[in-house]
Amino acid sequence: DPTQEPTVDQCPGCTLHGQDCYNLVTDKVYGCRGTFSGGIASAEPLCAIGYEICPSASRAGALGLTASICGSFTMNEWEFFATLQSSEGSAMCSSTGTNDLWGCAWDNASNSQINTLVDGSEYGCDNVLVGFLSQEGSSPAGWSFTSGTDELNTAALSTSIDGGVLCCLEATDDPTSDPTRDPTTEPTTVPTSDPTIDPTQDPTVEPTANPTSDPTRDPTIDPTQDPTSQPTTSAPTTAEPSTDPTQEPTTDPTQEPTVDQCPGCTLHGQDCYNLVTDKVYGCRGTFSGGIASAEPLCAIGYEICPSASRAGALGLTASICGSFTMNEWEFFATLQSSEGSAMCSSTGTNDLWGCAWDNASNSQINTLVDGSEYGCDNVLVGFLSQEGSSPAGWSFTSGTDELNTAALSTSIDGGVLCCLEATDDPTSDPTRDPTTEPTTVPTSDPTIDPTQDPTVE
């Protein structure tokens with residue numbers, strides 16, 4: 001009983017599909033909210049796979065974005081969505097330089113937080129981007145810069161309510177060499193749902209006036225030249241054949257399918273570690289505004305591990321947490337914290353707990369295995385605090401609230417642990433005795449409703 005009104009993905013160009021986003025040009029340009037630090041390029045995880053931070057005003061314009069859309073779509077007047085377009089300064093949009101940021105903002109004269117200039121005046125950017133930010137000018141509260149001449153590479157956004165980045169559909173590396181020159185002016189209103197790959201070169205001149213209502217779905221490619229003169233009239237059939245057969249099974253399946261190294265991370269197969277297959281992953285990335293703000297680093301269906309007990313229930317152990325192959329300066333945080341004194345507990349926001357290389361020669365991260373005076377459920381072996389030593393990319397603005405004030409400016413120094421989300425509706429009848437010898441070649445597309453009365457012979 002499928003739904004008659006499927007859920008519409010409002011913003012397929014954003015990592016957080018349908019949340020905190022704006023549709024500027026359908027399927028091509030989206031405004032994606034989120035936090036980041038270390039320059040605009042560090043916000044790339046906010047864009048979904050197949051999309052990228054808009055590299056320039058000309059690229060966004062080629063996808064259909066205009067100054068009118070860029071300055072008037074429904075958003076809050078304090079929001080700004082940046083691109084990689086910058087300039088040499090003086091609010092003059094150009095193809096070189098890293099001075100000032102250009103993007104989209106509400107082109108409203110009463111808004112004093114963001115500079116907005118439409119092309120055609122003395123300033124502007126290709127009649128596409130209408131807003132710009134600089135350290136010297138006014139900016140929304142969440143935006144900050146450490147340089148007044150290099151805003152592109154030093155920008156940080158601590159609150160997603162103040163905007164994010166524009167994500168553009170990536171340009172194909174292999175465009176067709178033979179585009180349609182004269183597309184039809186009157187396309188059919190009922191297109192063929194599954195057109196043939198190899199249409200006949202000799203179509204029927206006068207098709208039958210009364211075609212069959214039940215055509216063969218997969219006719220033979222090489223029919224016999226000598227058909228049976230008297231076909232059978234009562235061939236045996238399956239009592240209850242499947243109502244959902246495989247429509248077009250592959251004739252040459254791959255022997256080595258592509259393996260997704262880290263399905264729990266937004267950046268699949270890049271900058272990640274597989275700790276417990278399909279359940280717990282170490283996902284690299286940058287963020288600011290506390291550990292919770294790093295949620296976009298986890299893929300859909302995963303979340304930042306909420307506690308040591310949850311990670312342990314999924315199979316993570318202190319041995320895995322302290323010895324998987326990573327750099328000795330990396331730390332992967334969870335939402336597990338404490339009341340301080342490096343004592344893991346279920347309350348408090350003092351100190352961070354996570355995974356790190358349990359190596360005595362490593363002076364950048366504190367590592368303590370459970371069974372000593374300290375530890376965390378014999379699962380998490382590393383912790384960070386403002387008072388202790390930390391890898392170069394980690395920073396805190398409070399020594400008693402590291403959980404909510406942590407920031408990571410370089411992904412080489414770690415990220416977060418992403419755990420498989422707990423289901424809200426677990427099965428009431430789990431398999432009690434699963435097979436001990438599963439098939440090595442499972443059916444790639446099994447029937448949804450198999451027959452209850454299979455053919456005996």
Test item: Gln386 side-chain N/O and Phe396 main-chain N/O as donor-acceptor pair under 3.5 Å
yes
Tell me the closest heavy-atom pair linking Leu65 and Cys70, and the distance in Å.
CD1-N, 4.2 Å
For Ser337 and Asp351, indicate whether the former's side chain and the latter's backbone hold a donor-acceptor pair under 3.5 Å.
yes
Do Cys167 and Cys14 have their SG atoms less than 2.5 Å apart?
no
Taking the side chain as every heavy atom from C-beta outward, state whether Tyr30 and Leu166 have any pair of such atoms under 4.5 Å apart.
no
Gap between atom CD1 of Ile300 and atom OG1 of Thr15 - 0.5 Å precision:
8.5 Å
Going by the side-chain hydrogen bond (donor to acceptor under 3.5 Å, both in side chains) test, which pairs reach into residues 39-51, not counting sequence neighbours?
none
Can you list the residues that meet the side chain to side chain contact (heavy atoms under 4.5 Å, CB included) rule with Ala57, with sequence neighbours excluded?
Gln85, Cys125, Asp126, Val128, Leu129
Check side-chain hydrogen bond (donor to acceptor under 3.5 Å, both in side chains) between Ser309 and all other residues, then give those that pass, not counting sequence neighbours.
Ser307
I want to check something: taking the side chain as every heavy atom from C-beta on, are Glu303 and Cys298 in contact at a cut-off of under 4.5 Å?
no
Rounded to the nearest 0.5 Å, what separates atom CZ in Phe36 from atom OG in Ser158?
10.0 Å
Donor-acceptor pair, side chain of Trp353 and main chain of Gly382, under 3.5 angstrom:
no
What heavy-atom pair brings Ala406 and Leu352 nearest, and what distance separates the two atoms?
CB-CD1, 4.0 Å
Partners meeting side-chain hydrogen bond (donor to acceptor under 3.5 Å, both in side chains) with Thr317 (sequence neighbours left out)
none
Between Val29 and Cys54 the two heavy atoms that sit nearest each other are CG1-SG, 4.4 Å
Any Asp27 side-chain heavy atom under 4.5 Å of Pro12 side chain:
yes
Once you find the SG atom in Cys262 and the one in Cys283, is the distance between them below 2.5 Å?
no
Hits for side-chain hydrogen bond (donor to acceptor under 3.5 Å, both in side chains) against Ser398, two or more places apart or cross-chain, chain-then-number order -> Thr400
Report yes or no: does Thr98 contribute a side-chain atom to a donor-acceptor pair with the main-chain N or O of Leu152 at less than 3.5 Å?
no
How long is the gap from OG1 on Thr410 to CD on Glu330, to the nearest 0.5 Å?
9.5 Å
What heavy-atom pair brings Ile40 and Trp143 nearest, and what distance separates the two atoms?
CD1-CZ3, 4.1 Å
OG on Ser395 to CG on Leu408, rounded to 0.5 Å:
8.0 Å
To check you understand the geometry: which heavy-atom pair defines the closest contact between Leu24 and Cys104, and what is its length?
CD2-SG, 4.1 Å
Under the side-chain hydrogen bond (donor to acceptor under 3.5 Å, both in side chains) test, which residues partner Thr154, sequence neighbours left out?
none
Is any side-chain heavy atom of Phe81 closer than 4.5 Å to a side-chain heavy atom of Val165?
no
Work out which heavy atom in Ile53 is nearest to a heavy atom in Ala43; give both atom names and the distance.
CD1-C, 3.8 Å
Working note: Ser338 + Asn350, criterion side-chain hydrogen bond (donor to acceptor under 3.5 Å, both in side chains); need CA distance, chi angles, decisive distance, verdict.
CA-CA 5 Å; Ser338 67; Asn350 198 333; 5.6 Å; no
Nearest 0.5 Å, what's the OG1-CG distance between Thr277 and Leu420?
12.0 Å
Which residues satisfy the side chain to side chain contact (heavy atoms under 4.5 Å, CB included) test with Glu339, sequence neighbours excluded?
Ser345, Thr347
Measure the shortest side-chain to side-chain distance between Thr286 and Leu297 over non-hydrogen atoms and say whether it is less than 4.5 angstrom.
no
